[in-house]
Amino acid sequence: MASTFVDGGAPHSRHNQKLTQRTATWKPGILPFLLPFVLLVIMGLWTYRPSSSALSWALTIVWSLPVIGVMVGLQGALLIRRRVRQSDRMMPPALVEQDFLIALCPTIGRHDTYPALERSILSYVEHLPEWFPYMRVDILTEEGCEAAEAIDRLADSHPLIRVITVPKDYVPANGTRFKARANHYAHELRIAEGEALDYVWVLHMDDDTGVGPDTASSLAQFINRQRRAHPDEVKHMAQGILTYPRENAVNQFTWLADAVRPADDIARFRALTGLGTPAAGVHGELLVLRASIEATIGWDFGPKEIVEDARLALTFCRKYPGRSDWFNGRCYGASPANSADFVKQRERWAWGLVALCFNKAVPWRYRWFLSICVATWILGPLQHITAVLLLGWLIDDMNTSPVTQSVVILWALNFAYVIWTYWEGLRLNALASVNGRRKWWEPIVVIALIPVFSVLEGLGGFKGFLKFVRREENKFVVIAKPA
């Protein structure tokens, strides 16, 4: 096994020390959910007018549909608060002296994605060796990619970095394409090199997503914990939190819009992945997987697969139930450069997730929760308050009350949860930034813009659904990566 020992213990910069302190004391807030919930319940009950119209029946169903995901998300946030309270009883992080870590970073290797790739790779070799004396960083590229020379120079700059080039003529057995094809090539290479072992861990990252000191220490704590765990409780997969530092953003609007993503990590993903069954899927960055387990799954899911991370998660649910976990570490990415890229990104996700929800190769018991979440997403434009009011005006029925008053509480729960996700997600992104604080106006603006953000999210989801319905040829769209 090719390995390099690096002497850890290099002193953190002042920023890294502050970042570590901030993330160690963070826990999800309760008041940002409870206050909107109480106000919405009072307002909903006060304005309720009985109705049994077709519009009221439709709204009763559609606006209540998210409640299952909301309950799961709230469970995740409460689990984090409980873990923070118990943190003083947990073993402190220590050097990972018995396991080998491979940080795998696939990249399309375009010139416009290289600056973000360089930022990310340099963060791996700066922070990970302090806790992982035995490790390697693999950059996974395509043969003949635009930025090949720059990537080779980057690899030459540090002994921990190597480049893996996927040959143009490489075709997996099932014809898988895109990022899954590259991941499968790396997976086969690890098997050939004798690295598909229980004590080898693969940290999957994106080429615009870096790590920090908290990432490395939290990951080390998780891996060392598996050494001490009972064989029936050992975990094989874990996911952390994806955040977006302000300094990585080139567009303030999309940075605010992406506040929802870290909130999802501390809610749905924390609940499901953290309790052992990643039925909501996983994202392809800050995903750590035991190499021996990955060797039994692989990434060869077929030529139509464009959400390989979610497909991997559902396959993992079937083969290794109860064996995934969540860890309180962060990775640091960048929001799309503009609104058009934001919609393209969501469109690709929705396109692939809708296809996955209809994929009978995955048992329904592992697809049903994801199907409800995706249905809620793609119906977004049709259930937006503006669309509902317009429809009510056209049919001369402006009464948007549910068919029974008790449903008001469900609606309040759902809408308060949306407010909480943007509020808490913005807080997480600000914590990951240099000053660690939200600007005074940002919470106000992010809440005020939720109707606008929901249009963009819903538009991307609906466009992805239409592409699936039209059976358009699958495309893996890689947007420009802000540096």
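These numbers come from a predicted model, not from an experiment. When reading the values below, keep in mind they use all heavy atoms of this one structure, side chains included, and skip hydrogens, waters and symmetry mates.
In this structure a side-chain-to-backbone donor-acceptor pair under 3.5 Å is missing from Ser433 to Pro245. No donor-acceptor distance shorter than 3.5 angstrom exists from the side chain of Arg162 to the backbone of Ala155, with no hydrogens or angles considered. In this structure a side-chain-to-backbone donor-acceptor pair under 3.5 Å is present from Asp300 to Asn174. The backbone N or O of Met205 sits nowhere less than 3.5 Å from a side-chain atom of Thr209 that would complete a donor-acceptor pair. Judged by distance alone, with hydrogens and angles left aside, the side-chain atoms of Lys235 form a donor-acceptor pair with the main-chain N or O of Gly322 at under 3.5 Å. Judged by distance alone, the side chain of Glu247 and the main-chain N or O of Val434 form a donor-acceptor pair under 3.5 Å. Side-chain N or O atoms of Asp341 include none that pairs as donor or acceptor with a backbone N or O of Pro336 at under 3.5 Å. Panel note: side chain Arg177, backbone Pro303; a donor-acceptor pair is recorded below 3.5 Å. Within the 3.5 Å criterion, the main-chain N or O of Asn429 finds no donor-acceptor partner in the side chain of Thr243. Looking only at distances, a side-chain donor or acceptor of Arg367 sits under 3.5 Å from a matching main-chain atom of Cys357.
Lys463 and Glu347 are joined by a salt bridge, as a carboxylate oxygen and a charged side-chain nitrogen come within less than 4.0 angstrom of each other. With salt bridges taken as basic N to acidic carboxylate O contacts below 4.0 Å, none links Asp207 and Arg110.
A pairwise comparison of heavy atoms in Ile121 and Cys105 identifies CD1-CB, 3.9 Å as the closest pair.
Residues satisfying the side-chain hydrogen bond (donor to acceptor under 3.5 Å, both in side chains) criterion with Arg246, sequence neighbours excluded, are Asn435, Glu442. Residues that satisfy the side-chain hydrogen bond (donor to acceptor under 3.5 Å, both in side chains) test with Arg268, not counting sequence neighbours, are Asp264. For Trp299, the ring-ring contact (aromatic ring centres under 6.0 Å, His included) partners at least two apart in sequence or on another chain are His204. For Trp26, the side-chain hydrogen bond (donor to acceptor under 3.5 Å, both in side chains) partners are Glu424, not counting sequence neighbours. By the ring-ring contact (aromatic ring centres under 6.0 Å, His included) test, Phe462 is found to be paired with no residue, residues two or more places apart in sequence or in another chain being considered. Tyr417 meets the ring-ring contact (aromatic ring centres under 6.0 Å, His included) test with Trp420; sequence neighbours excluded. Listed by chain and number, the residues in a salt bridge (Lys or Arg N to Asp or Glu O under 4.0 Å) with Asp309 amount to none (sequence neighbours excluded). For Arg330, the salt bridge (Lys or Arg N to Asp or Glu O under 4.0 Å) test picks out Asp214, with sequence neighbours left out. Shown here are the salt bridge (Lys or Arg N to Asp or Glu O under 4.0 Å) partners of Glu457, two or more places apart in sequence or in another chain: Arg346. For Arg181, the salt bridge (Lys or Arg N to Asp or Glu O under 4.0 Å) test picks out Glu142, with sequence neighbours left out.
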Only pairs under 3.5 Å count here: list side-chain donor-acceptor contacts from residues 277-288, not counting sequence neighbours, and write none if there are none.
{"residue": "His283", "atom": "ND1", "partner": "Gln239", "partner atom": "NE2", "Å": "3.0"}
{"residue": "His283", "atom": "ND1", "partner": "Glu285", "partner atom": "O", "Å": "2.9"}
{"residue": "His283", "atom": "ND1", "partner": "Glu285", "partner atom": "OE2", "Å": "3.3"}
{"residue": "His283", "atom": "NE2", "partner": "Asp265", "partner atom": "OD1", "Å": "3.0"}
{"residue": "His283", "atom": "NE2", "partner": "Asp265", "partner atom": "OD2", "Å": "3.0"}

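The aromatic rings of Trp63 and Trp411 lie perpendicular to each other, with more than 60° between the two planes, well past the 30° mark.
Using a 4.5 Å heavy-atom cutoff, the side chains of Leu219 and Leu101 are in contact. Contact check for His187 versus Leu289: no side-chain heavy atoms found under the 4.5 Å cut-off. With contacts defined as side-chain heavy-atom distances shorter than 4.5 Å, the pair Pro36/Phe415 does not qualify. Within the 4.5 Å cutoff, the side chain of Phe316 has heavy atoms near those of the Arg323 side chain. At a threshold of 4.5 Å between non-hydrogen side-chain atoms, the residues Arg470 and Leu466 count as touching.
Side-chain contact annotation: Asn328 with Ser218, donor-acceptor N/O pair under 3.5 Å absent.
To the nearest 0.5 Å, atoms CD1 (Ile191) and CD (Glu294) are separated by 9.0 Å. The CG atom of Asp112 lies 11.5 Å from the CG atom of Leu117; values are rounded to the nearest 0.5 Å.
Residue Glu472 qualifies as enclosed at atom CD: its count of foreign heavy atoms under 6.0 Å is above 12. The environment of CZ in Phe465 is sparse: at most 12 heavy-atom neighbours from other residues, nucleotides or ligands sit within 6.0 Å.
Across Tyr320, Trp201, Phe222, a single residue satisfies ring-ring contact (aromatic ring centres under 6.0 Å, His included) together with His236, and that is Tyr320.
Every pair passing side chain to side chain donor-acceptor pair (under 3.5 Å) that includes a residue from residues 374-387 is listed here, sequence neighbours excluded: His384-Thr386, His384-Ser454.
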